[in-house]
Amino acid sequence: METITQVAPEILDFLRRTDTCTVSNAIETFNVRMRNEGFTQRGIKCMFPGMPRVAGYAVTGRIRTAAPPLAKLCYYQNIEWWQYVAGMPGPKIVVVADMYPAPGLGAFFGEIHAQISKALGCVAYVSNGTVRDLPAMQAANFQCFATGVSISHSYAHLIEMGEPVEIGSLQIRSGDLLHADCHGVQTIPIETAAELPGVVSDIENRERELIRLCTQTDFSIETLVTALRYGNEHFPSLPR
């Protein structure tokens with residue numbers, strides 16, 4: 001079992017209280033990665049935008065959906081997978097890459113997978129494929145991120161577990177700290193996690209002041225320029 005670097009519970013609570021866009025802005029101030037990296041792209045959608053934000057550690061796998069497997073097609077035959085999920089630290093987010101050239105023919109995740117995963121401490125599912133049983137998963141308060149939905153599971157079956165995967169241009173390794181909401185999914189660099197609350201507070205204070213300025217009856221370009229210049233002087237590390 002790989003060694004997973006975990007963050008303090010209060011950091012997980014902070015992520016669940018904070019939207020991904022603001023956290024993304026805060027991560028930019030550390031210059032630990034390019035601004036066009038670290039988040040899902042290419043059509044990965046939040047299936048339940050009204051649900052609360054989620055944060056947790058990635059549990060990765062790879063599947064195929066188009067051709068029949070030689071064995072272990074059904075969820076109740078994949079005991080090794082459930083053991084692997086159970087052995088990872090929580091909260092967990094299941095991340096599965098569909099290796100079919102046209103991902104999403106069949107849905108690996110539906111009501112039963114969601115219920116078992118939830119019982120094992122998982123809070124969400126992320127895939128470049130599809131999902132199904134949406135009403136049941138929503139009722140179970142189990143968040144999903146995928147490219148769409150499918151009526152059938154087709155021949156969706158697990159082929160690997162614990163390997164790095166790519167979902168919507170985002171590279172994810174098992175154990176990565178993930179943060180997700182209606183905007184999508186992003187990885188949280190562990191080395192920045194403890195400092196994020198303070199940086200986010202600074203960003204929110206600056207944005208709050210700019211919004212207040214924009215709602216004033218005496219708003220003008222001159223007052224805006226002054227406020228922006230003041231902000232740059234007092235918050236030099238914040239994203240522009």
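In this text, all values refer to a predicted model and were calculated from it rather than measured experimentally. What you see below is based on every heavy atom in this structure, not just the backbone, and it leaves out hydrogens, waters and symmetry mates. Residue indices begin at 1 and follow the sequence shown.
When all heavy atoms of Trp82 and Ser117 are compared, the closest pair comes out as CZ3-OG, 3.7 Å. For the residue pair Ala58 and Arg173, the shortest heavy atom distance occurs at CB-O, 3.6 Å. Here the closest heavy-atom approach between residue Met99 and residue Arg64 is recorded as CB-CG, 4.5 Å. Ala180 approaches Val185 most closely through the heavy-atom pair CB-CG2, 3.8 Å. Listed here is the closest heavy atom pair of Asp181 and Asp19: OD2-CA, 3.5 Å.
Between Phe48 and Cys182 there is no side-chain heavy-atom pair separated by less than 4.5 Å. Counting heavy atoms from C-beta on, the side chains of Ile44 and Leu170 never come closer than 4.5 Å. Taking the side chain as every heavy atom from C-beta outward, Val7 and Tyr57 approach each other to under 4.5 Å. In this structure, the side chains of Trp81 and Val94 come closer than 4.5 Å at one or more pairs of heavy atoms.
Going from atom OG1 of Thr223 over to atom CD of Gln216 covers 9.0 Å, rounded to the nearest 0.5 Å. Distance CD1/Ile167 to OG1/Thr40: 9.5 Å, rounded to 0.5 Å. Taking CZ from Phe39 and OG1 from Thr187, the interatomic distance works out to 10.0 Å, rounded to the nearest 0.5 Å. Separating the CD atom in Glu207 from the CG atom in Asn205 is a distance of 10.0 Å, to the nearest 0.5 Å. Put simply, CG on Leu120 and CE on Met88 are 12.5 Å apart, with the number rounded to the nearest 0.5 Å. Rounding to the nearest 0.5 Å places CG of Asp176 at 10.0 Å from CD of Gln171.
Relative orientation of the Tyr125 and Phe108 rings is tilted, given thresholds of 30° and 60° on the angle between their planes.
Val165 and Phe145 fall within the same hydrophobic cluster, defined by Ile, Leu, Val, Met, Phe, Trp and Tyr side-chain heavy atoms under 4.5 Å apart, directly or through other members.
Judged by distance alone, the side chain of Ser201 and the main-chain N or O of Pro197 form no donor-acceptor pair under 3.5 Å. Looking at Ser154, its side chain never comes within 3.5 Å of a backbone N or O of Ala156 through a donor-acceptor pair.
With no hydrogens or angles considered, a side-chain donor-acceptor pair links Asp98 and Thr65 at under 3.5 Å.
Look at Arg206 and Glu209 and you find no salt bridge, because none of the NZ, NE, NH1 or NH2 atoms lies under 4.0 Å from a carboxylate O.
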Item to complete: Could you walk me through whether Leu15 and Leu177 pass side chain to side chain contact (heavy atoms under 4.5 Å, CB included), step by step?
Response: CA-CA 10 Å; Leu15 292 173; Leu177 178 58; 4.1 Å; yes

